[in-house]
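Read through the structure below, which is laid out as structure tokens, and then see the notes.
Residue numbers begin at 1 in each chain, while the letters A, B, ... track the order of the sequences.
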Amino acid sequence: MFGLPLSTFLLVFGFPLFWILYTIGFLLLSRSWERDGEER
Amino acid sequence: MNATVIAFLVLYYVVVLGIGFWAMRQGASEDLEGFLLGGRDVGPLVTALTLQSTSMSGYMFLGAGSLAYTTGYWSLWFAAGDIGGGVLNLSVIGRRMRKLSQVMGSLTAIEYLEGRYPSSATRLIAASLSVFLLAFYVLAQFIAGGKGMALVTGLDYSWALLIALSIIIIYTFLGGYLAVAYTDFFQSLVMIVGVVWILAAALAHVGGFTAANHALAAIDPTILSIWGRGLGFEGQWGVVAGAVLVFSAGYMGWPHVVTRHMAMRRPATARLAGAYATGWNLLFVSSPYLVGILAILILPSLDDPELALIEVARTLLPPAATGIVMAAIMAAIMSTADSLLLQTGSIASRDLYERFINPKASERQMVLVSRLLILAIGVIGYFVALVEPPAVAFVVIFATSVLGSAFAPAFVCAVWWKKANTPGAIASMVAGAVTSVAWELAGLATATTLAPVTAGLAASTLAIVVVSLATQNMSPVPKHILGAMEETARVGPIPEEMPAMFDFTLRPEAEEIESMIREGKK
Amino acid sequence: MTQEIVAIRGGVTSTEALQVFRSVCGGGTPFVRRRLYYPYFWFRLRYRARTLLGETALQVSCLVDARTRVASTSDRFALERVEAGDGDVVEPRLAEDEARGIAERYVAYVVKNRTKALVAPDRDVVDRELIRKPFWIVECVKRPDRSILVDGVTGRFHPLSLEREALPS
């Protein structure tokens, strides 16, 4: 794809995808943090 | 370089200076008190953007391009880890560190480590390591600034370096009133626009991504390989792991990055900041590497691969755009150098000088110590950068490897593992730093096919686990710290039906009154 | 016995404190157990610094909790002298000098953090006083463990986690 070997394609696009999923997972799992609203 | 470029460079600085001047005037009129101090702290977007712009700049514009130009797609392994560095950091230690530092009342990363792992040895080791490595890291910014300045002005490198360095030091000494959050934010925006613009121009020039890859394969098919040009790293998973780890896990060891966690307005800011960090990194992190790879096609015979990005900009962008982009690069370098120097100065004055040398130091003496140290770093940095400048990428990767190896396990275990104790943390910092430095100096990476950061992180993780477990009886974690950690693990006690008038800032008072009532009843 | 103290003027009455309880805790019959005057050291600090672009100045109000040592910057507030029963006045556990140290350290840190300043500004304490803030402790008749602390100035609250056995039923 894009003239790249499969392994390189995964390196260039797979890792960003992994981090996007990680971020979405983090946002979902940390919803309760919003209640942790202390300041100071 | 032509007059248009210089004109835009000057224009850029006039704008930045103007923003700083305006902010300072506002500050003098007292009405800005709320902005500076009160409830309107910088939110998650600004947190995420400035976090990146103040940490990676010189590397991104010179180091990354050079790595990519010389090794091809292999360099993307560094980007693979870096993209997730922000969100990993914020998700793993962000919220808990924000809470624990508040519960313990620590203001800086070093104080925090000392609070969690009580011992003056913790502070001495952590502060000395930080001062030394941050100073070393600033060297990369000096070299980057000098090279950029030489290219813009056409001056000899030695003069350009002197000018860049002087600007950075003066900027740092006045910094405060110029480099407020507004200017940092503005600079971050110009940076991202600049680098994406260069990438777009480069892609257009080579006829698109696929065509570029076919052309690269025609030059040397191994450029496209994940094992490096000439397959130099084939099968070396320990080196690959190091490349991925250094800017993801290693990022957790930077004192000036983790300090930002402690300054977050609310623990929950970590959530949005994490999302913004990923978004920003997706746009920004891979771009300089890709430009570096495309530069192999656009400028096949570059003398200095570190200038790949800047030369591509100069070749492809209109002069006005080159001026703005150069300005963004210089601004980013200055912003990074300025943050690092301030951080180094404050660690040296507060955590070493005030703590171990002169406990009665006045604010003035401490500022003097900071300034003298910054000057010394400038002078030494000038000669090193002049006589034998190391590669920007090397300096940044090495400093991050050592900082990450020394501190990441201690920071992570501080909030996640109740058995992590003082001897464990000290052993971990020493083992991580010594292993990663020795690995680099002895050239063990090639012999063992393990990167310094891989070996260093393994050593420091092993040390904190083994030593903590072995010394549990001798040196248990104090009760008040365990209590603070339990408090940290708890996510707000607000029952579902109590949202509106709830006020967390009353917690210290509430807890105090609870204990008074309990005592009164006994 | 009563004593005269300086307190932040609080607009929240006991009736309003009960309403806060009802709005957040639903059923049950709440009653106000007592009003407490909680101590803070208040400092008004003034900073002046010279820069190449001229002189800049900044005034900051800082409250230091006189028992837990927690410092915070504060908004403007009005003060009044009130008579309060000895049992309702919480005594400080912190000396003023110590509190001043905490306030200066905290404010210096906040100012530096926001401005990235590497200057040693001139600093004066413009104003200082031991002040108290009124709080209402509201409990529920049938559920003594569901008590809350209501801020007498803002009307905002924080739950008090008191064990059942610690309270008379």
Under 4.5 Å from any heavy atom of chain B - which part of A:Phe15: side chain
Heavy-atom closest contact (B:Arg271 atom, A:Ser30 atom, distance): NE-OG, 2.8 Å
Partner chain B: residue of A:Val12, A:Leu29, A:Thr23 with the largest heavy-atom pair count (under 4.5 Å): A:Thr23
Side-chain donor-acceptor pair present, A:Tyr22, B:Ser91, cut-off under 3.5 Å: yes
Value rounded to 0.5 Å, distance of CG in B:Leu272 from CG in A:Leu27: 7.5 Å
Side chain to side chain contact (heavy atoms under 4.5 Å, CB included) evaluation trace for B:Tyr73 with A:Leu4: CA-CA 10 Å; B:Tyr73 274 96; A:Leu4 292 171; 3.6 Å; yes
Which atoms of B:Leu88 approach chain A - backbone, side chain, both or neither, heavy atom under 4.5 Å: both
Under 4.5 Å from a heavy atom of chain A, the part of B:Ala275 involved: both
Proximal component of A:Pro16, with respect to chain B [non-hydrogen, under 4.5 Å]: both
Whether A:Trp19 side chain and B:Asp82 backbone form a donor-acceptor pair below 3.5 Å: no
Structural part of B:Ala270 lying under 4.5 Å from a heavy atom of chain A: both
Residue part contacting chain A, namely of B:Trp77, when any heavy atom lies under 4.5 Å: both
Interchain contact, B:Leu224 with chain A, by part (heavy-atom threshold 4.5 Å): both
Under 4.5 Å from any heavy atom of chain B - which part of A:Phe9: neither
Contact winner vs chain B - A:Leu11, A:Ile20, A:Ile24, heavy-atom pairs under 4.5 Å: A:Leu11
